[in-house]
There are 2 protein chains.
Amino acid sequence: MKLLDIGEVAELCGLPASTLRFYEEKGLIASVGRRGLRRLFDGEALDRLSLIALGRSAGFSLDEIGDMLGLDGPPRIDRARLAERADELDQTIRRLTALSKALRHAAECPAPSHMECPTFNRLRRAAVARGREARSPAKRAPSPRSGS
Amino acid sequence: MKLLDIGEVAELCGLPASTLRFYEEKGLIASVGRRGLRRLFDGEALDRLSLIALGRSAGFSLDEIGDMLGLDGPPRIDRARLAERADELDQTIRRLTALSKALRHAAECPAPSHMECPTFNRLRRAAVARGREARSPAKRAPSPRSGS
DNA sequence: ATACGACTTCAAGTCCACTTGAGGTCAACC
DNA sequence: GGTTGACCTCAAGTGGACTTGAAGTCGTAT
């Protein structure tokens, strides 16, 4: 299997090399060796990076992801936790759906102030209400680096 | 209209008083006056706080929300931006939906390693793919303060 | 009148996920 | 064999959104 330079991995996964070093330092990924000083990665690193991206976009912190993937080692995944997080995600999805509708309505509604519009207020309440019980932020996947 | 102490506002909106002071400092909310040193708020602050919560949960930064609500003043909302963000939210929703399915599948699938499961891999790709073009994180609504 | 506790200010600290900078190494190409 | 540019390490810095701490003020209940 072809071994990859950190720059190639960076290219393939869309993360800057500094982030890959940072992830390695945290034990989230591992290089299979070095050529001189340079790290060499194999396909497993790419798999793990894809799982990391998945976890990040599900709102897990890097530490949580580390727990789940097994810091250095084969992924061992806590199924109960995944199901729980899936439930939370479904909540979030419902909330964001209400939110999207509210935004779209606000963008079109001619009422002078949105606070006077019953439709907006209904959607607003729907969007915010569920947020109260959220556990931690669900971030989008890390954005690609700015350059290029 | 009844005027509210910062503690009462905090109680009503579920944010700590320190956050309300912080928001006031940023110009996101304003008190209508003071009783001695103490800030007094009216209903409008609650409305704005609810819009702030809405904006936060849509993934706007406090600065962006400040722009939209008009730092100190009546909300003047950029409709094009709202529609644009609604589109982005819809993207996020689709991604999170794939993600939720992937997590749920991972929680149930008996395959020894998820990386070997075609279903998981398909969902994984679907969940991660769209994340590449995301602009900024869509956070959940701010969590209620820890105590009580 | 006095004590209490909820408020006040301002500066500094925290957390997370990275990024940046300085100074150094070295594999590969000409 | 020399240059180059991608890599290396380690420490420190960044940004957003708050939180905490110290020291002080003051409305309200007893």
Side-chain angles (χ1 to χ4, degrees), chain A residues 3-29 31-41 45 49 52-53 55-67 131 134-148, chain B residues 3-29 31 33-41 45 49 52-53 55-67 131 134-147:
Chain A
L3 295 182
L4 303 164
D5 220 34
I6 200 172
E8 296 170 299
V9 177
E11 192 64 25
L12 287 169
C13 72
L15 293 170
S18 63
T19 301
L20 299 180
R21 285 187 211 104
F22 174 70
Y23 282 0
E24 191 196 34
E25 200 179 338
K26 293 211 89 176
L28 293 170
I29 58 174
S31 58
V32 292
R34 299 270 180 145
R35 169 164 51 231
L37 280 186
R38 302 181 176 204
R39 289 163 181 82
L40 292 174
F41 295 94
L49 284 166
I52 290 165
R56 293 277 298 126
S57 76
F60 290 102
S61 72
L62 293 182
D63 285 351
E64 286 175 306
I65 293 169
D67 287 351
R135 212 177 59 95
S136 72
K139 308 193 199 255
R140 289 188 201 158
S143 45
R145 63 201 145 148
S146 43
S148 117
Chain B
L3 295 182
L4 302 165
D5 220 33
I6 199 171
E8 296 170 299
V9 176
E11 190 66 23
L12 287 170
C13 72
L15 294 170
S18 63
T19 300
L20 300 180
R21 285 188 210 103
F22 173 71
Y23 282 1
E24 192 196 33
E25 200 178 339
K26 292 212 90 177
L28 293 170
I29 57 173
S31 59
R34 300 270 180 143
R35 169 165 50 232
L37 280 186
R38 302 181 176 203
R39 289 163 181 81
L40 291 174
F41 294 95
L49 284 166
I52 291 165
R56 294 278 298 125
S57 76
F60 291 102
S61 71
L62 293 182
D63 285 351
E64 287 175 306
I65 293 169
D67 287 350
R135 210 176 61 95
S136 73
K139 309 197 199 255
R140 291 188 201 156
S143 45
R145 58 196 152 154
S146 44

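This structure is a prediction, so every number in the text was calculated from the model and none was measured. Residue numbers begin at 1 in each chain, while the letters A, B, ... track the order of the sequences.
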Engineer: Any idea which of D/dC7, D/dC18, C/dC7 is nearest the B/Asp5 side chain?
Structural biologist: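 Closest nucleotide to the B/Asp5 side chain: C/dC7.
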Engineer: Return no unless some side-chain N or O of B/Arg21 is found under 4.0 Å from OP1 or OP2 of C/dT8.
Structural biologist: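 Answer yes for this pair, as a side-chain N or O of B/Arg21 is under 4.0 Å from OP1 or OP2.
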Engineer: On DNA chain D, nearest-nucleotide positions of A/Phe41 versus B/Asp63: which is more 5'?
Structural biologist: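 First, find each residue's nearest nucleotide; the 5'-ward one identifies A/Phe41.
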Engineer: Rounded to whole angstroms, how far apart are CD1 on A/Ile6 and P on C/dT19?
Structural biologist: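 Rounded to the whole Å, the gap is 12 Å.
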Engineer: B/Leu62 has an atom CG; how far is it from atom P of D/dG15, in whole Å?
Structural biologist: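 These atoms are roughly 16 Å apart.
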Engineer: Please state how far atom CG in A/Leu4 lies from atom C1' in D/dA6, giving the value in whole angstrom units.
Structural biologist: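 Answer to the nearest Å: 15 Å.
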Engineer: For a 4.5 angstrom cut-off between non-hydrogen side-chain atoms, does B/Lys26 reach B/Leu62?
Structural biologist: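 Of all side-chain heavy-atom pairs linking B/Leu62 with B/Lys26, at least one is under 4.5 Å.
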Engineer: When you measure from the side chain of A/Lys26, which nucleotide among C/dC7, D/dC18, C/dA17 comes out closest?
Structural biologist: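 It is C/dA17.
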Engineer: Is any side-chain heavy atom of B/Phe41 less than 4.5 Å from a side-chain heavy atom of B/Ile6?
Structural biologist: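 Yes, close enough: below the 4.5 Å cut-off.
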Engineer: Rounded to whole Å, please give me the gap between CD1 in B/Ile29 and P in D/dA17.
Structural biologist: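 Rounded to whole Å, this separation is 15 Å.
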Engineer: Check the phosphate of D/dT19 against B/Thr19, side-chain N and O only, distance under 4.0 Å to OP1 or OP2. Yes or no?
Structural biologist: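 Yes, within the criterion.
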Engineer: Can you tell me the distance, in whole Å, between the CD atom of A/Glu11 and the P atom of D/dC7?
Structural biologist: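 For the pair A/Glu11 CD and D/dC7 P, the rounded distance is 10 Å.
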Engineer: Under a 4.0 Å N-O cut-off, is there an ion pair linking A/Arg39 with A/Asp5?
Structural biologist: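 No, A/Arg39 and A/Asp5 are not salt-bridged.
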Engineer: Out of C/dT9, C/dA28, D/dC8, which has the shortest distance to the side chain of A/Arg35?
Structural biologist: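 Closest nucleotide among those given: C/dA28.
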Engineer: Please state how far atom CZ in B/Phe60 lies from atom P in D/dG16, giving the value in whole angstrom units.
Structural biologist: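 After rounding, the gap between these two atoms is 16 Å.
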Engineer: For A/Phe22 and for B/Arg39, find the nucleotide of DNA chain C with the closest heavy atom, then tell me which residue's nucleotide is more 5'.
Structural biologist: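 Residue closer to the 5' terminus by nearest nucleotide: B/Arg39.
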Engineer: Ignoring the backbone of A/Leu37, work out which of C/dT25, C/dA17, C/dT8 is nearest its side chain.
Structural biologist: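 Nearest to the side chain of A/Leu37 among the choices is C/dT25.
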Engineer: Please determine, for the side chain of B/Arg34, which listed nucleotide (D/dC26, C/dT9, D/dT28) has the closest atom?
Structural biologist: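 Closest of the options to the side chain of B/Arg34: C/dT9.
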Engineer: Among A/Leu40, A/Leu20, A/Ile29, find the one that has a side chain to side chain contact (heavy atoms under 4.5 Å, CB included) with A/Val9.
Structural biologist: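 Testing each of A/Leu40, A/Leu20, A/Ile29 against A/Val9, the sole residue satisfying side chain to side chain contact (heavy atoms under 4.5 Å, CB included) is A/Leu20.
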Engineer: Where do A/Phe22 and A/Leu28 land on the side chain to side chain contact (heavy atoms under 4.5 Å, CB included) test, with the steps shown first?
Structural biologist: CA-CA 9 Å; A/Phe22 174 70; A/Leu28 293 170; over 6 Å; no
Engineer: Roughly, in whole Å, what's the span from CD in B/Glu64 to P in D/dG15?
Structural biologist: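 After rounding, the reported distance stands at 16 Å.
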Engineer: Taking only N and O in the side chain of A/Tyr23, is any of them less than 4.0 Å away from OP1 or OP2 of C/dC18?
Structural biologist: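 Checking C/dC18 against A/Tyr23, a side-chain N or O does come within under 4.0 Å of OP1 or OP2.
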Engineer: Which nucleotide, C/dA6, D/dC18, D/dT25, lies nearest any side-chain atom of B/Arg38?
Structural biologist: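 Per side-chain heavy atoms of B/Arg38, the pick is C/dA6.
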Engineer: Starting from P on D/dA12, measure out to CD on A/Glu25 and report it in whole angstrom.
Structural biologist: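 It is 14 Å, rounded to the nearest whole Å.
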Engineer: Go through C/dT19, D/dA17, D/dT9 for me and flag the one nearest to the A/Ser18 side chain.
Structural biologist: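 Nearest nucleotide to the side chain: C/dT19.
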